[in-house]
Amino acid sequence: MERMKTKDLAACALMAAATAVCAQISVPLPGGVPLTLSVAAVFLTGAVLGPGLAFASQLVYLLLGAFGLSVFAGFSSGLGTLLGPTGGYLLVYPLMAAAVALGRRLWGGRLPSLAASMLIALLLCYAGGTAWFMAATEKSLAVSLSACVFPFVPVDLCKIALASVVGSRLESLIKRAQ
């Protein structure tokens with residue numbers, strides 16, 4: 001097994017911290033799922049890190065919250081948040097970040113391919129989070145989609161547009177610095 005370099009550890013920590021900060025930029029919605037910028041941070045994590053590091057970074061974010069650091073939306077934390085109705089959206093963050101990074105690796109870091117990778121990651125978020133929400137609340141698919149997906153689609157598409165532009169630019173800056 002290859003040892004992680006200090007810069008890799010620092011990059012993982014930085015992206016976990018960025019996700020924690022972005023989670024606090026939050027607007028509570030009536031359905032119980034807050035609108036946050038944390039998904040944009042997850043997209044950026046995948047845009048700038050490789051698949052393994054992207055996954056690890058978001059796993060660190062989840063572990064920080066699970067162990068009591070107030071890193072989730074509204075400065076919440078704990079296993080109750082992760083196992084609650086909206087926990088499924090958080091639990092897919094490592095997979096989302098890895099999906100974006102893998103897409104970037106397979107298709108390149110150009111804007112359209114990066115945006116496509118982020119769209120696939122968003123679909124993972126919606127699928128995993130909504131399935132978890134349905135299991136936790138015993139709500140129907142229609143009710144769950146109305147509360148947890150449909151209100152977020154326009155804003156999440158804007159996050160993809162922003163994160164793909166920023167992520168593409170950051171990736172090129174990182175390559176030049178190496």
Side-chain angles (χ1 to χ4, degrees), residues 1-25 33 35-66 69 71-73 82 86-133 148-149 152-178:
M1 183 172 142
E2 185 178 330
R3 293 183 60 180
M4 289 182 75
K5 296 177 182 171
T6 303
K7 69 178 181 118
D8 293 335
L9 291 172
C12 280
L14 181 65
M15 295 315 295
T19 306
V21 169
C22 288
Q24 304 319 314
I25 303 168
V33 181
L35 176 65
T36 73
L37 287 183
S38 57
V39 169
V42 174
F43 292 152
L44 285 175
T45 300
V48 300
L49 300 178
L53 292 175
F55 185 93
S57 176
Q58 292 306 307
L59 184 59
V60 165
Y61 168 72
L62 294 178
L63 290 172
L64 289 171
L69 265 70
V71 296
F72 302 140
L82 286 175
T86 62
Y89 296 99
L90 295 169
L91 291 170
V92 297
Y93 281 10
L95 294 175
M96 291 172 62
V100 172
L102 186 60
R104 191 193 81 231
R105 179 176 285 172
L106 293 174
W107 303 324
R110 288 201 164 113
L111 212 55
S113 56
L114 194 54
S117 299
M118 291 177 186
L119 184 58
I120 290 168
L122 182 62
L123 294 175
L124 280 171
C125 181
Y126 287 162
T130 302
W132 187 279
F133 184 85
C148 302
V149 174
F152 295 89
V153 170
V155 176
D156 285 340
L157 292 176
C158 291
K159 290 176 196 175
I160 287 174
L162 179 66
S164 59
V165 169
V166 172
S168 179
R169 182 71 180 131
L170 281 175
E171 185 195 25
S172 67
L173 289 172
I174 290 169
K175 279 183 181 177
R176 276 193 282 163
Q178 291 178 345

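Small disclaimer: the values here were computed from a predicted structure and weren't measured. Only heavy atoms go into these numbers, but all of them, side chains included; no hydrogens, no water, no symmetry mates.
- Side-chain contact between Val39 and Phe152 is absent, with no heavy-atom pair separated by less than 4.5 Å.
- Under the 3.5 Å distance criterion, the side-chain polar atoms of Arg104 are matched with a main-chain donor or acceptor of Gly46.
- Counting only distance, with no hydrogens or angles, the side chain of Ser164 and the backbone of Ala161 share a donor-acceptor pair below 3.5 Å.
- Going from atom CG of Leu122 over to atom CD1 of Ile160 covers 4.5 Å, rounded to the nearest 0.5 Å.
- Taken to the nearest 0.5 Å, the OG atom of Ser38 stands 2.5 Å off from the OH atom of Tyr93.
- A distance of 10.5 Å separates CG of Leu170 from CG of Leu49, quoted to the nearest 0.5 Å.
- Between atom CH2 of residue Trp132 and atom SG of residue Cys148 there is a gap of 13.5 Å, rounded to the nearest 0.5 Å.
- Rounded to the nearest 0.5 Å, atoms CD1 (Ile120) and CG (Leu124) are 8.0 Å apart.
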Enumerate donor-acceptor pairs with a distance under 3.5 Å from any side-chain N or O in residues 51-58 to protein atoms, sequence neighbours excluded.
unit_1: Ser57; atom_1: OG; unit_2: Cys12; atom_2: O; d: 2.9
unit_1: Ser57; atom_1: OG; unit_2: Ala16; atom_2: N; d: 3.2
unit_1: Gln58; atom_1: NE2; unit_2: Thr19; atom_2: OG1; d: 3.0
unit_1: Gln58; atom_1: NE2; unit_2: Thr45; atom_2: OG1; d: 3.1

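- Heavy atoms only, all atoms of each residue included: Val92 and Cys125 are closest at CG2-CA, 3.6 Å.
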Walk me through whether Phe43 and Val166 qualify under side-chain contact (heavy atoms from CB on, under 4.5 Å). CA-CA 10 Å; Phe43 292 152; Val166 172; over 6 Å; no
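- Looking at every heavy atom in both residues, Ala47 comes nearest to Met118 through CB-CE, 4.2 Å.
- The CG atom of Leu114 lies 8.5 Å from the CG atom of Leu44; values are rounded to the nearest 0.5 Å.
- Nearest approach of Arg105 to Gly50, heavy atoms of both residues: NH2-CA, 4.3 Å.
- Phe72 has its side chain within reach of Leu82: a pair of non-hydrogen atoms, C-beta onward, lies under 4.5 Å apart.
- A donor-acceptor pair under 3.5 Å is absent between the side-chain atoms of Tyr61 and the main chain of Leu90, judged by distance alone.
- Side chain of Lys159 to main chain of Thr36: a donor-acceptor pair is present (N/O by atom type, distance under 3.5 Å, no hydrogens or angles).
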